[in-house]
Number of protein chains: 4
Amino acid sequence: MQFASGQSIYLQISDYISEKILRGDWVEGDRIPSIRETAVSVEVNPNTVTRAYAVLQDEGILQNQRGVGYFVAAGGREAAAALKRREFEEDELPRVFRTMRLLGMSLAELEHLYERYVTEEESERHD
Amino acid sequence: MQFASGQSIYLQISDYISEKILRGDWVEGDRIPSIRETAVSVEVNPNTVTRAYAVLQDEGILQNQRGVGYFVAAGGREAAAALKRREFEEDELPRVFRTMRLLGMSLAELEHLYERYVTEEESERHD
Amino acid sequence: MQFASGQSIYLQISDYISEKILRGDWVEGDRIPSIRETAVSVEVNPNTVTRAYAVLQDEGILQNQRGVGYFVAAGGREAAAALKRREFEEDELPRVFRTMRLLGMSLAELEHLYERYVTEEESERHD
Amino acid sequence: MQFASGQSIYLQISDYISEKILRGDWVEGDRIPSIRETAVSVEVNPNTVTRAYAVLQDEGILQNQRGVGYFVAAGGREAAAALKRREFEEDELPRVFRTMRLLGMSLAELEHLYERYVTEEESERHD
DNA sequence: GTGGTCTAGACCACC
DNA sequence: GTGGTCTAGACCACA
């Protein structure tokens, strides 16, 4: 895992876990890697992972059993989707639309960029 | 002016100035409010405004005449537009498109949200 | 059995057993379920149940006959009652009274809540 | 400040702050001691105080200004009161009433204990 | 000066 | 083994 600057590592980790659950890699009731395992695999301090997991537990995405581990909570996927959608629609999209107006970018142009993005994604998948 | 958490205040201020110029509120050669005036009006430490103006000067959007004040630079509007567009296309849009895929949101749905945004904007303007 | 977070599971189990004895579900000399049986029924590691039983044995509530099982000790019910009362009066009530003052809650209001609690209990019993 | 065992220090600190606000020692908009100041005064590591403040910020009791400090949030006192009352009525009181029934303790007896508590408090105040 | 984050390392209770 | 907490110390961005 590569960390971008500009966002804290623990948030990048919680996003990463959250997206795994969104994609269905881990489903309700699955035990996810322990704090220590994740710490080793992403090469950060266990404390940092603890913080990432705590965020997800607060959001109702993870659940933990003392001395056992962390699990995808009941309704965890829905919680993750709801959270991501809410952040997207309430924070990101308004900013995007506002910028479009400022730049005088039309919806058609946005669609064009979207299609370009999709094709680029496709080609990367073939690497 | 309201400050969102999560982004530094000086960047929020420089964005605010930059958008004023993009909208044409201030045009090439206009003197913009002094650091002190802005500091008072947005209720912030003058150091913070200084930093915001410095960013804009670096980008070629503002120009400083010592002892006189800050002015919209020659080509300032174009510089602001270019900067905003670059940030938008390189940073924000890829993130947006990625999230759309993750949420399974179609381009049609995005257009729908865009239209809703536009109508909301319209109605707010009538307040 | 549902486990609340915030208190260790073994203590929740020992409370649960203790209350069974207080209510008279199990009386002096009764053999209570084996560690394994309880472990299965409450879906917990046998080690955890062992610890819970050990606590109760320490308090003189249970008695162990090696190879046979655990029994409600002579005077077990009284021991359980004394323990619970002590914990209640020394730990819980002072905290409760303190919070009442902090919230400005009167004794009358407390009585009101008590009556509501009792009626709710009644109605649940009819389910 | 003395810390009891059984509850984590950071929660004891957040309770302490919360009660200060409930009592009106600090009111809306007041700046509370910085993380470092509190860390010194209660003799714990700044990280621990950070965690306590973060809890209160999550609850809407505190609010922070980057680089300036923590403040009692708008509606902070109400948030603190609501939180405490909710925890009290939903968690603590049901447990109390349940124990009363188990011990066969009457409301009259509880009142008696309450009066004793109040008089003890009074006499302590005269020390 | 402020808060925010991260690391390293320790100890604990618990399962 | 698991997670939870705490410390010490560091570095950073920010006001």
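None of these values were measured; they are calculated from a predicted model. Naming convention: chains lettered A, B, ... in sequence-line order (proteins, then strands); numbering from 1 in each chain.
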Margin query: Does C/V44 reach a base, just sugar-phosphate, or nothing at all? Heavy atoms under 4.0 Å.
Written below: nothing
Checklist line | Heavy-atom contact window of chain B on DNA chain F, given 5' to 3' at under 4.0 Å | finding: F/dC14 to F/dA15
Item checked: Verdict with reasoning, C/I17 to C/Y70, per side chain to side chain contact (heavy atoms under 4.5 Å, CB included) -> CA-CA 12 Å; C/I17 307 279; C/Y70 281 84; over 6 Å; no
Could you tabulate the donor-acceptor pairs under 3.5 Å formed by side-chain atoms of residues 55-66 of chain A, not counting sequence neighbours?
none

Next item on the list: Assess whether atom OH of D/Y16 is packed by more than 12 heavy atoms of other residues, nucleotides or ligands within 6.0 Å.
Entry: no
From [atom1] ([X]) to [atom2] ([Y]), nearest 0.5 Å:
X	Y	atom1	atom2	result
D/W26	D/R77	CH2	CZ	14.0 Å
D/L22	C/L102	CG	CG	5.0 Å
C/D25	C/D30	CG	CG	10.0 Å
B/Q7	B/I13	CD	CD1	11.0 Å
C/Q12	C/T48	CD	OG1	11.0 Å
A/I9	A/M1	CD1	CE	9.0 Å

Donor-acceptor contacts under 3.5 Å from residues 38-45 of chain C side chains, at least two apart:
residue: C/T38; atom: OG1; partner: C/S34; partner atom: O; Å: 3.2
residue: C/T38; atom: OG1; partner: C/Y53; partner atom: OH; Å: 2.6
residue: C/S41; atom: OG; partner: C/T38; partner atom: O; Å: 3.1
residue: C/N45; atom: OD1; partner: C/N47; partner atom: N; Å: 2.9
residue: C/N45; atom: OD1; partner: C/N47; partner atom: ND2; Å: 3.4

Next item on the list: Specify the residues of residues 63-70 of chain A, ordered by number, for which at least one heavy atom lies under 4.0 angstrom from an atom of DNA chain E.
Entry: A/R66, A/G67, A/V68
Check: Which parts of residues 33-42 of chain B get close to DNA chain E, meaning a heavy atom less than 4.0 angstrom away?
Finding: none
Notebook entry, point to check: With sequence neighbours left out, what residues match D/F97 under ring-ring contact (aromatic ring centres under 6.0 Å, His included)?
Noted result: C/Y114, C/Y117
Notebook entry, point to check: For C/S8 and A/Q7, take the nucleotide of DNA chain E holding the closest heavy atom to each; which residue's nucleotide lies nearer the 5' end?
Noted result: A/Q7
Notebook entry, point to check: For D/S8, which residues count as a side-chain contact (heavy atoms from CB on, under 4.5 Å) partner, sequence neighbours excluded?
Noted result: D/Y10, D/L11
Checklist line | Residues touching DNA chain F, which here means a heavy atom under 4.0 Å, drawn from residues 46-61 of chain D | finding: D/N47, D/T48, D/R51
Notebook entry, point to check: C/R31 side chain to C/V68 main-chain N or O, any donor-acceptor pair under 3.5 Å?
Noted result: yes
Next item on the list: With DNA chain F as reference, determine whether A/R31 or D/E43 sits nearer its 5' end, using the nearest nucleotide of each.
Entry: A/R31
Check: When the nearest nucleotide of DNA chain F is assigned to B/L11 and to D/Y10 on a heavy-atom basis, which residue is associated with the more 5' position?
Finding: D/Y10
Checklist line | Pairs satisfying side chain to side chain donor-acceptor pair (under 3.5 Å), at least one member in residues 83-92 of chain A, at least two apart | finding: A/E19-A/K84, A/R85-A/E89, A/R85-B/E109, A/E92-B/R95
Note to self: Apply side chain to side chain contact (heavy atoms under 4.5 Å, CB included) to residues A/F71 and A/I32 and explain how you reach the verdict.
What the structure shows: CA-CA 6 Å; A/F71 298 79; A/I32 71 167; over 6 Å; no
Next item on the list: Kindly express the pairing pattern of DNA chain E in dot-bracket notation, using | wherever a base pairs with another strand and counting only Watson-Crick or G-U pairs under 3.5 Å.
Entry: ||||||||||||||.
